[in-house]
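None of the values given here were measured: they were computed from a predicted structure. Here is the naming used below: chain letters follow the sequence lines, and residue numbers restart at 1 for every chain.
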Number of protein chains: 2
Amino acid sequence: MGLAKTEIFTDEQNQISVFAKAFGHPARVAILQHLFKIDTCFCGDLVKEIGLAQPTISQHLKELKYLGLIKGTVEGTSVCYCIDMDNWKEMKDIMTVFLGQDLLPKNECC
Amino acid sequence: MGLAKTEIFTDEQNQISVFAKAFGHPARVAILQHLFKIDTCFCGDLVKEIGLAQPTISQHLKELKYLGLIKGTVEGTSVCYCIDMDNWKEMKDIMTVFLGQDLLPKNECC
DNA sequence: CCATTTAATCGTTTTATTGCGATAAAATTA
DNA sequence: TAATTTTATCGCAATAAAACGATTAAATGG
């Protein structure tokens, strides 16, 4: 159906999957990496940096903004995007716990 | 188009997005969490644990196996699944670098 | 060999995602 | 005000993903 049955999963599981989905496209990974590297960035810069059309970049930015990972402030005719550090750290904490499950003691099986 | 233009991105960006996509569904998050908790697990156990049909679980297991995050060994009529620790750590290293970008010194902008 | 158990695969339906051309909106500049 | 710049939105086409019923495959037990 293309529709995940979110209601049968825990909030934590859904939250992890939502953040992971944001990183599930190389364009969004590239956008975030660029924002970290550059500190601040206009949408037009990203269009040049990444080789996708302007509406496509705008759409990816919208998704990242919806999740709170980035924020954009209008400056004249352009919009300045940057990482939302507080929300990034919150996301990172959640993902780090998930990724760090291998640190709990256990015996490998098969 | 529903088709990511992977060729315009770096190998690292594509790799991050591929792993992230694996965690982009709560069922796969739940499967991995359960495998970590239980050590070893049969497909049928996951069908009971998570509330999805057997073909659906089987499909999710196939994706996780394809990425190398889990491995399955046949035991009689059933298949025993568990985390592939080596590959998990490798994936974790890649994701940790990506998530840890906020640790590099920088000045917040907008 | 036949029934049973367990998991994988096939085929289909439904919804989501990607990408972009065309257009609109908003601010700036001439 | 008109032209320009920059970004957002709309609408569409193409592909991917999710879910599952039906079926197949593989091993075991009687």
Original post:
Think B:Lys5 has a side-chain N or O under 4.0 angstrom from the OP1 or OP2 of C:dC20?
Top reply: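 For B:Lys5, the contact criterion (side-chain N or O under 4.0 Å from OP1 or OP2 of C:dC20) is met.
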
Original post:
Do any side-chain nitrogens or oxygens of B:His60 fall under 4.0 Å of OP1 or OP2 in D:dA19?
Top reply: yes

Subject >> side chain to side chain contact (heavy atoms under 4.5 Å, CB included) partners of A:Glu90, counting only residues at least two apart >> reply: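 Partners of A:Glu90 by the side chain to side chain contact (heavy atoms under 4.5 Å, CB included) criterion, ordered by chain and then number, come out as A:Asn87.
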
Subject >> Set of residues satisfying side chain to side chain contact (heavy atoms under 4.5 Å, CB included) with respect to A:Thr56, sequence neighbours excluded >> reply: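 Expected list: A:Leu52, A:Ala53, A:His60.
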
Original post:
Between B:Arg28 (side chain) and A:Ser17 (backbone), is there a donor-acceptor pair under 3.5 Å?
Top reply: no

Original post:
A:Lys92: what forms a salt bridge (charged side-chain N to carboxylate O under 4.0 Å, His left out) with it, not counting sequence neighbours?
Top reply: B:Asp102

Original post:
Can B:Val29 be reached from A:Val97 by stepping across I, L, V, M, F, W or Y side chains whose heavy atoms are under 4.5 Å apart?
Top reply: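 A:Val97 and B:Val29: separate clusters.
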
In whole angstrom, what separates [X]'s [atom1] from [N]'s [atom2]?
X	N	atom1	atom2	answer
B:Gln59	D:dT24	CD	C1'	17 Å
A:Glu75	D:dT7	CD	P	11 Å
B:Leu52	D:dA17	CG	C1'	14 Å
B:Lys62	D:dA19	NZ	P	16 Å
A:Glu63	C:dG19	CD	P	10 Å
B:Leu67	D:dA17	CG	P	11 Å

Original post:
Only one of B:Ile38, B:Ile31, B:Leu35 clears side-chain contact (heavy atoms from CB on, under 4.5 Å) with B:Tyr81; which?
Top reply: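 One option only clears the test, and that one is B:Leu35.
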
**OP:** Count the heavy atoms of every other residue, nucleotide or ligand shown that sit under 6.0 Å from NZ of A:Lys62, and state whether that count exceeds 12.
**Re:**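 Check fails, neighbour count at 12 or below.
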
Original post:
Does any residue of residues 9-34 of chain A have a heavy atom under 4.0 Å from DNA chain D, and if so, which ones, in number order?
Top reply: none

Original post:
Would a 4.5 Å heavy-atom cut-off, applied to side chains only, mark A:Asp84 and A:Asp86 as touching?
Top reply: yes

**OP:** Could I get the full list of ring-ring contact (aromatic ring centres under 6.0 Å, His included) partners for B:Phe98, not counting sequence neighbours?
**Re:**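 B:Phe98: ring-ring contact (aromatic ring centres under 6.0 Å, His included) contacts with A:Phe23, A:Trp88.
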
For nucleotides 3-8 of chain C, print each protein N/O atom paired with a nucleotide N/O atom at under 3.5 Å, atom names and distance only.
| residue | atom | partner | partner atom | Å |
| --- | --- | --- | --- | --- |
| C:dA7 | OP1 | B:Cys43 | N | 3.1 |
| C:dA7 | OP1 | B:Gly44 | N | 3.4 |
| C:dA7 | OP2 | B:Gly44 | N | 2.8 |
| C:dA8 | OP1 | B:Tyr81 | OH | 2.3 |
| C:dA8 | OP2 | B:Ser58 | OG | 2.7 |
| C:dA8 | N7 | B:Gln54 | NE2 | 2.7 |
| C:dA8 | N6 | B:Gln54 | OE1 | 2.9 |

